[in-house]
Amino acid sequence: MTADASTVPTDEGADALTPTDVVAGFVAGFDPRELPAAARATARRGYLDCLGVALAGSAQPAGMIAARFAAGQGTGPATVWGHAFTAAPATAALVNGTAAHALDYDDVNWALLGHPSVSLVPATLAAGEAAGATGAQLIDAYACGFEVLAALGRSTMPGLSFDGGWHATGALGAIGATAAVAHLLRLDPGQVRHALGIAVSEASGVVRNFGTMTKPLHAGLAAQAGIQAAGLAAAGFTADPASLEGKHGFYACFGARSAVRPAALRQLGQVWELDRTGVVIKPYPCGVAGHPAIDAGLALRQRLGPVRAGQVARITVGVTSYTLDKMRYVWPENELQAKFCIPYQLARALVTGPPTLADFTAAGVAASPEVRALAELTELFLDEEIEHEWRRAGGSRPCRVRIEFTDGRGETELVRVSKGNPQLPLTDDELRAKFRDAASLAATPDRITELIETAERIDTVPHAADLARLLRAPAA
């Protein structure tokens, strides 16, 4: 671990601030009026996208099991999305966060190298519904938490995940969600310090659980932690007020196997990550590391027509080390593993076109022998040129797909930035279409239209409950 794990350099001549000083000061002093208009627009898109994929996730096994668990825990003032009952805010956040990540269709931020909205949206809406917040206050809190989350990611990644095996969405999401709810509840600097200390002890989530229901649970646990940590601190519960730094603090524990850079926190409030790196709105319901390969496959399919296994000698996919680490399945045994299997995703793109929600069901994975035959001809390898490019530039992980045909021909497609990144964003119409498709698994067309219209004008919504009400299923 580097020597700067205890302090964050400030302007020349000023005393050094600790990481906890910086984060607590930012959260307690966050002024939404300083947030650029473009950053606020990005926050609204992230909020809208998360609600749509969460409704879809509420109808998935992980979402339904979590909801059944919550139904036995008692009622409360917060909506459990896609269902007809309410729960305590922390419990609702657990279920809604799990549902939001159940399909791995939710947004990504490259500074975080994880999923920001699946902890921030469930935490802020559940807490805001209980506290009587306005829609504008939900976006304020989301933006505050997003900036903390991304700054923590910039200060720890990729080592926290790549070397340490932690899932940033859970391990950092708990702290980001705490920052968001702490701002929503107007905690003072001392209370924020205690909330951060509580959140550090709740932070968790290991990469080993990718491809199982517990990966989306990481998001739910992070959202729940945000409400618990901020709520306990508001009530007077204490923790170490310097939890991020020092021996046995957050950086020492979570960054023990790699270099950390707490000085990245210095840019909080100076550089807005909502503007700088924004969010990747996913066009495909699977791990984002596979999206460049999907885009390459779609480009090849457009050029060549549908590709059949009988025409192909082999397919090679050059990727980054990070992609190899996360996309670890050669062939999926179930629909969850399919979300982290590039051979399956690429074969789908080559044979049938853009992967859909139906392609990541048990029936969809089992339905096409042609897809499996093509996937079995596919091999991933570490492409040193691509690795160097990614290490230098960060962001979307490049991918090079080459098809070698049985007649001796060869076709190659290189994708540096996949669809959905800020450089190639989904249009507003594409985002609405994605929302409609996803939310249709749990809501009627009329309700979906009302949800889109309400979420797109969230800054003018007088009560968080007005938005939450639209996410509730009709009573049985």
Side-chain angles (χ1 to χ4, degrees), residues 41-60 62-63 81-82 96-110 114-122 125 139 142 146 169 216 219 274 278-295 297-298 335 338-339 345 348-349 352-361 364 396 415 417-458 467 470-471:
T42 298
R44 286 195 296 268
R45 282 171 63 86
Y47 225 93
L48 172 67
D49 183 62
C50 184
L51 296 177
V53 298
L55 281 174
S58 72
Q60 304 306 305
W81 306 342
N96 298 337
T98 301
H101 199 37
L103 286 163
D104 226 291
Y105 207 4
D106 49 295
D107 64 18
V108 169
N109 171 262
W110 291 125
H115 305 264
S117 294
V118 286
S119 62
L120 298 174
V121 174
L125 186 47
I139 295 297
Y142 174 98
F146 187 102
T169 301
L274 276 163
V279 293
V280 181
I281 303 289
K282 289 185 177 182
Y284 319 118
C286 57
V288 72
H291 287 206
I294 293 171
D295 281 352
L298 293 174
E335 65 274 22
K339 295 178 179 294
Q345 296 162 12
R348 268 284 170 208
T352 60
T356 66
L357 286 167
D359 294 327
F360 293 95
T361 62
S396 182
V415 172
V417 177
S418 60
K419 174 76 171 174
N421 275 269
Q423 303 96 312
L424 296 170
L426 269 65
T427 65
D428 289 344
D429 285 343
E430 287 173 329
L431 176 54
R432 294 181 192 116
K434 174 187 172 179
F435 188 103
R436 290 182 183 280
D437 183 49
S440 67
L441 298 181
T444 64
D446 288 348
R447 176 59 58 88
I448 291 169
T449 297
E450 190 176 3
L451 258 171
I452 293 172
E453 292 172 350
T454 303
E456 288 188 332
R457 59 173 182 83
I458 189 170
L467 176 59
L470 299 176
L471 297 162

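What you see is a predicted model, and the numbers here were worked out from it, not measured in a lab.
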Determine whether Ile294 and Cys286 satisfy the following criterion, side chain to side chain contact (heavy atoms under 4.5 Å, CB included), listing intermediate values before the conclusion. CA-CA 10 Å; Ile294 293 171; Cys286 57; 3.7 Å; yes

Under 3.5 Å donor-acceptor, Asn96 side chain and Trp81 backbone: yes

Closest approach of Ala443 to Ile448 (non-hydrogen atoms, all atoms of both residues): O-CD1, 3.6 Å

From CA spacing to verdict: salt bridge (charged side-chain N to carboxylate O under 4.0 Å, His left out), Lys339, Asp104: CA-CA 7 Å; Lys339 295 178 179 294; Asp104 226 291; over 6 Å; no

Under 3.5 Å, is there a donor-acceptor pair between the Asn421 and Ser418 side chains? yes

The test is side chain to side chain contact (heavy atoms under 4.5 Å, CB included); show your working for Asn109 and Phe146 and say whether it passes. CA-CA 9 Å; Asn109 171 262; Phe146 187 102; 3.6 Å; yes

Looking only at non-hydrogen atoms, find the nearest pair between Asp359 and Pro354 and report the distance. OD2-O, 4.1 Å

Run Asp429 and Arg432 through salt bridge (charged side-chain N to carboxylate O under 4.0 Å, His left out) and show every step you take. CA-CA 5 Å; Asp429 285 343; Arg432 294 181 192 116; 2.8 Å; yes

Hey, what do you get for CZ (Arg436) to CG (Leu451), rounding to the nearest 0.5 Å? 10.0 Å

I need the minimum non-hydrogen distance between Leu103 and Ala56, along with the two atoms involved. CD1-CB, 3.4 Å

Would you name the heavy atoms of Gly52 and Phe435 that are closest together and state the gap between them? N-CE1, 3.2 Å

Rounded distance [0.5 Å steps], CG in Asp428 versus CD in Glu456: 6.5 Å

For Pro283, what residues pass the side chain to side chain contact (heavy atoms under 4.5 Å, CB included) criterion, not counting sequence neighbours? His291, Lys419, Leu426

In Å, rounded to the nearest 0.5 Å, how long is the span from CG of Leu51 to CG of Leu470? 10.0 Å

Please test Phe360 against Gln345 for side chain to side chain contact (heavy atoms under 4.5 Å, CB included), starting from the C-alpha separation and ending with a verdict. CA-CA 9 Å; Phe360 293 95; Gln345 296 162 12; 4.1 Å; yes

Atom pair CD1 (Ile458) and CG (Leu48), whose distance is rounded to the nearest 0.5 Å: 9.0 Å

In Asp49, Thr169, Asp107, the residue satisfying side chain to side chain donor-acceptor pair (under 3.5 Å) with Ser117 is Asp107

Could you report the tightest heavy-atom contact between Thr98 and Ala62, atom names first, then the distance? CG2-O, 4.1 Å

Taking all heavy atoms of Ala442 and all of Leu55, pick out the closest pair and write down the distance. CB-O, 3.3 Å

With side chain to side chain contact (heavy atoms under 4.5 Å, CB included) as the test, would you mind laying out the steps for Leu424 and Asp295 before giving the verdict? CA-CA 12 Å; Leu424 296 170; Asp295 281 352; 5.9 Å; no

Reported CG-to-OG1 distance for the pair Leu357 and Thr361, which is rounded to 0.5 angstrom: 9.0 Å

From Cys50 atom SG to His101 atom NE2, the distance as rounded to the nearest 0.5 Å: 10.5 Å

